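Below is one structure, written out as structure tokens; comments come after it.
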Amino acid sequence: MKFQAIKGVRDILPPESALWSRVEQSARDVFHSYGYGEIRLPMFEQVELFARSIGQETDVVSKEMYRFEDYELVDLDAERRSLALRHPQIENPSSVYTFFTVAEAVISWLQQSLITGQVPRTPENEGLARELKGLYDESAAKFQLPKYEGTQSDLDLYVDQIRRAALALRLGDSLALRPEATASVVRAYIEHGMHTRPGNVKLYYIGPMFRRERPQKGRYRQFYQIGAELLGPSDHAALDAEVIEMLLAFFARVNLKDAKLYINSIGDKNCRPAYVERLRGELQKVRDKLGADSQRRIETNPLRVLDSKLPEEQPIIDKLPRIAECLCDACREHYAELKRQLALRKIDYEENWRLVRGLDYYMRTTFEITAPGLGSQNAVCGGGRYDGLVELLGGPATTKGIGFAIGTDRLMLSLQEAGAAAKCALDVYIAWMGVQAYPAAVALARKLREHNLSVELPPQEMKFGKSLSLADRLGARFAVIVGEDELAARQFTVKRLADGDQRRLAEADLLEYLTSSRTA
RNA sequence: GUGAGCGUAGCUCAGCCGGUAGAGCAUCGGUCUGUGGAACCGAGGGUCGCGGGUUCAAAUCCCGUCGCUCACCCCA
């Protein structure tokens with residue numbers, strides 16, 4: 001087989017795709033009932049947007065994003081890269097000459113492009129352009145004249161510096177395929193001044209995200225999320241509770257069994273840092289009892305030690321200080337109110353003090369929903385509050401936010417595990433006989449399709465037995481028979497394939513019969 | 001990035017100790033030109049992931065490589 005889907009991506013085929021549509025439609029319906037509108041976002045953004053919101057140091061940003069540079073000047077890029085392939089030698093004057101000729105071309109091209117704006121006029125780029133010019137003038141004076149004054153190592157030094165500066169140029173925008181959508185939603189919110197809209201802005205999105213990581217069960221490089229974000233002036237815990245209620249309503253709608261809700265509060269920028277330090281201090285004391293991964297996290301991100309699944313670390317982690325004890329008054333009250341609000345809504349939850357989120361922007365409320373049948377990836381949804389994010393990205397400081405993202409791939413796995421299956425529901429197969437019946441069959445097919453029935457019409461005459469056999473194997477619910485007898489009687493014969501029940505009906509009655517028996 | 005397992009027909013797999021590539025399901029055709037599901041008969045479909053080595057002979061043994069899967073890391 002010549003071509004295959006690249007690592008970590010896959011095709012979703014019928015009939016499985018029908019289940020996807022159903023689930024996504026359920027999300028639309030439920031979210032709509034809570035006043036959310038769909039936002040359609042671009043699939044790529046500036047790298048900087050993700051770096052700022054998700055956190056430069058997170059794995060997602062530092063090593064899992066699909067990044068690329070987008071520039072017009074493909075030729076200039078090729079030319080500057082060709083510098084790296086040239087190795088001028090002092091004893092070979094023409095190689096020296098060629099190198100500097102190419103370098104000169106790149107430099108003048110670059111200067112021109114900076115003026116026209118085809119290459120971004122950033123301070124870095126302008127600095128690099130000056131540096132290149134300087135290096136070129138110096139070295140050309142030394143090496144390009146009839147007598148060569150420098151040594152080979154001098155030359156190598158210049159060549160190396162020129163190459164380095166040329167490659168450091170940013171010829172266009174640094175872009176990345178989105179690894180998640182919250183950053184984009186917030187960017188759009190700010191860009192379109194949505195804080196001037198009345199009340200809370202409620203948005204949902206459905207679509208693919210991209211992370212370059214090793215694929216495994218329920219985890220792909222192109223994966224799908226269904227998410228919602230609520231942005232607005234209020235950070236009342238009732239909003240958090242309603243978001244969670246909506247989420248659970250959705251899971252109920254798609255019949256996800258045994259979903260469990262876990263909640264936690266991770267404090268805000270006042271109280272979390274103090275807790276992190278205290279945690280780090282306690283971890284230092286038991287350092288030698290921890291595994292290598294956890295030891296490393298003591299410095300990089302102590303909160304994540306709480307996530308460890310190593311059995312031997314569990315007793316140690318159990319004794320660590322809990323963030324609930326360290327929350328500031330405002331955060332403690334917010335968390336208490338969330339629990340009251342959940343109780344009011346009769347929502348079952350379990351507090352999990354070890355539930356911390358990986359992304360930098362979360363604060364206060366965090367939550368997660370797990371579902372059975374997912375192997376080691378049992379979280380099917382995660383979310384939380386991110387009150388500082390809008391301000392961080394340049395929007396009004398008064399805008400708070402909360403949201404979640406459902407991992408659609410994992411949700412599907414769990415639903416399929418539970419036996420959910422979608423059939424391609426073919427309503428009607430038209431078994432026609434004799435060329436004179438064909439026009440009637442074509443007309444009937446169009447008529448039925450206008451009424452939203454799924455209709456299969458064979459393109460050429462088939463043996464009747466074959467035709468019915470095909471209807472059966474296609475899973476059609478009805479076969480409509482069009483032959484000489486039917487034409488003569490101006491009626492159709494319709495046969496219910498499940499039990500063989502068969503009747504003769506005029507077109508209007510047939511339509512009524514088929515549409516009324518359609519299962520929702 | 002690390003570790004383990006697996007690559008033979010569209011799918012699920014057999015093929016042991018090297019000796020002319022198989023089964024079931026699926027597809028297509030026939031028995032069967034106005035009644036499907038069944039049965040029977042037949043057909044198509046494979047450079048045994050790829051490359052090298054050992055051998056008279058390799059799907060089989062050895063080495064390498066690529067791919068897939070699961071787990072770790074991390075995360076939704």
Side-chain angles (χ1 to χ4, degrees), chain A residues 1-10 13 54-55 57-65 178-182 208-221 223-227 247 291-294 296-297 300-301 304 307-310 355-360 362 366-371 374-384 403-414 429 431-434 437 461-487 493-502 504:
Chain A
M1 220 186 300
K2 183 115 194 209
F3 294 109
Q4 60 176 18
I6 55 182
K7 185 198 279 286
V9 311
R10 67 202 174 129
L13 314 173
I54 298 168
E57 302 310 318
T58 57
D59 278 17
V60 173
V61 169
S62 62
K63 53 188 208 204
E64 293 174 356
M65 282 202 303
R178 60 183 189 186
E180 55 111 47
T182 300
M209 311 292 158
F210 305 85
R211 282 186 205 173
R212 195 181 182 293
E213 50 189 355
R214 202 76 155 236
Q216 57 185 285
K217 193 179 174 95
R219 167 187 247 188
Y220 303 91
R221 290 183 167 187
F223 58 105
Y224 295 82
Q225 287 189 334
I226 298 171
L247 190 49
D293 287 326
S294 290
R296 183 168 40 76
R297 292 192 200 119
T300 59
N301 194 346
R304 299 224 65 91
D307 260 357
S308 166
K309 290 162 205 137
L310 288 179
L355 178 63
V356 294
R357 297 251 64 97
L359 311 185
D360 281 3
Y362 285 111
T366 61
F367 55 90
E368 184 168 294
I369 288 172
T370 62
L374 296 177
S376 65
Q377 319 293 333
N378 68 345
V380 73
C381 170
F404 61 81
I406 297 161
T408 316
D409 306 82
R410 292 187 191 174
L411 174 59
M412 290 302 162
L413 268 180
S414 193
Y429 180 96
W432 57 274
M433 281 169 289
E461 189 169 12
M462 296 170 73
K463 285 185 188 172
F464 192 57
K466 283 251 165 239
S467 209
L468 281 186
S469 163
L470 187 54
D472 186 45
R473 285 177 304 149
L474 289 174
R477 291 169 45 243
F478 295 96
V480 171
I481 297 159
V482 190
E484 280 178 38
D485 299 352
E486 285 78 9
L487 286 182
T493 301
V494 57
K495 174 169 187 161
R496 187 161 58 206
L497 290 168
D499 59 5
D501 173 85
Q502 190 164 316
R504 274 278 186 96

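What you see is a predicted model; the values in this text were computed from it and never measured. Chain identifiers are assigned alphabetically (A, B, ...) following the order of the sequence lines, protein sequences preceding nucleic acid strands; residue numbering begins at 1 within each chain.
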Round to the nearest Å and state the distance from [X] atom [atom1] to [N] atom [atom2].
X         : N       : atom1 : atom2 : value
Phe367(A) : rA76(B) : CZ    : P     : 12 Å
Phe223(A) : rA76(B) : CZ    : C1'   : 7 Å
Glu180(A) : rC74(B) : CD    : P     : 19 Å
Asp501(A) : rG36(B) : CG    : C1'   : 15 Å
Lys217(A) : rC74(B) : NZ    : P     : 22 Å
Gln4(A)   : rG49(B) : CD    : P     : 14 Å
Met462(A) : rU33(B) : CE    : C1'   : 13 Å
Arg214(A) : rA4(B)  : CZ    : P     : 12 Å

Worked verdict on Glu180(A) versus Arg211(A) for salt bridge (charged side-chain N to carboxylate O under 4.0 Å, His left out): CA-CA 9 Å; Glu180(A) 55 111 47; Arg211(A) 282 186 205 173; 5.7 Å; no
Just checking [X]: base, sugar-phosphate only, or nothing, at a heavy-atom cut-off of under 4.0 Å?
X         : result
Arg473(A) : sugar-phosphate
Ile481(A) : base
Glu484(A) : base
Asp59(A)  : sugar-phosphate
Gly227(A) : nothing
Gly382(A) : sugar-phosphate
Lys495(A) : base
Ala476(A) : nothing
Phe404(A) : nothing

Mate of [N] where both pairing distances stay under 3.5 Å, Watson-Crick or G-U:
N       : value
rG18(B) : none
rC6(B)  : rG67(B)
rC72(B) : rG1(B)
rC61(B) : rG53(B)
rG34(B) : none
rG44(B) : none

If you only use heavy atoms from C-beta on, which nucleotide in [options] is closest to the side chain of [X]?
X         : options                   : result
Arg410(A) : rA76(B), rC72(B), rG67(B) : rA76(B)
Thr493(A) : rG36(B), rG34(B), rG29(B) : rG34(B)
Gln216(A) : rA76(B), rG36(B), rA71(B) : rA71(B)
Phe464(A) : rG34(B), rC68(B), rC70(B) : rG34(B)
Arg219(A) : rC74(B), rG36(B), rG30(B) : rC74(B)
Ala379(A) : rC74(B), rA76(B), rU33(B) : rA76(B)
Lys463(A) : rU31(B), rA76(B), rC72(B) : rU31(B)
Leu468(A) : rA76(B), rC70(B), rG36(B) : rG36(B)
Asp472(A) : rG37(B), rG67(B), rG34(B) : rG37(B)

From [X] [atom1] over to [Y] [atom2], what is the distance, rounded to the nearest 0.5 angstrom?
X         : Y         : atom1 : atom2 : result
Gln225(A) : Thr408(A) : CD    : OG1   : 7.0 Å
Met65(A)  : Ile54(A)  : CE    : CD1   : 6.5 Å
Tyr224(A) : Met209(A) : OH    : CE    : 10.5 Å

Give me the distance, rounded to whole Å, that separates [N] from [M] when you measure between the [atom1] atoms they each carry.
N       : M       : atom1 : result
rG24(B) : rA39(B) : P     : 13 Å
rG64(B) : rG22(B) : C1'   : 30 Å
rU20(B) : rA26(B) : C1'   : 27 Å
rC63(B) : rA23(B) : P     : 33 Å
rC40(B) : rG46(B) : P     : 27 Å
rU12(B) : rC17(B) : P     : 25 Å
rA43(B) : rA58(B) : P     : 29 Å
rC70(B) : rG18(B) : C1'   : 32 Å

rU35(B) phosphate, OP1 or OP2, under 4.0 Å from Gln502(A) side-chain N/O: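 No, no such contact exists.
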Side-chain heavy atoms of [X] within contact of [Y], under 4.5 Å:
X         : Y         : value
Gln502(A) : Thr493(A) : yes
Pro179(A) : Arg212(A) : no
Val60(A)  : Glu213(A) : no

Residue mapping more 5' on RNA chain B - nearest nucleotide basis, Lys7(A) or Glu368(A):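 In this pair, the answer is Lys7(A).
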Quiz item: Glu64(A) side-chain donor-acceptor pair to rA76(B) base, under 3.5 Å: no
Side-chain-base donor-acceptor pair under 3.5 Å for Glu213(A) and rG1(B):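 Checked by distance alone, the answer is no.
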Polar side-chain atom of Ser62(A) near backbone of Thr58(A) as donor-acceptor pair, under 3.5 Å: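 Confirmed, Ser62(A) side chain pairs with Thr58(A) backbone.
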Glu461(A) side-chain N/O to Gly434(A) backbone N/O, donor-acceptor pair under 3.5 Å: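 Here the side-chain-to-backbone pair exists.
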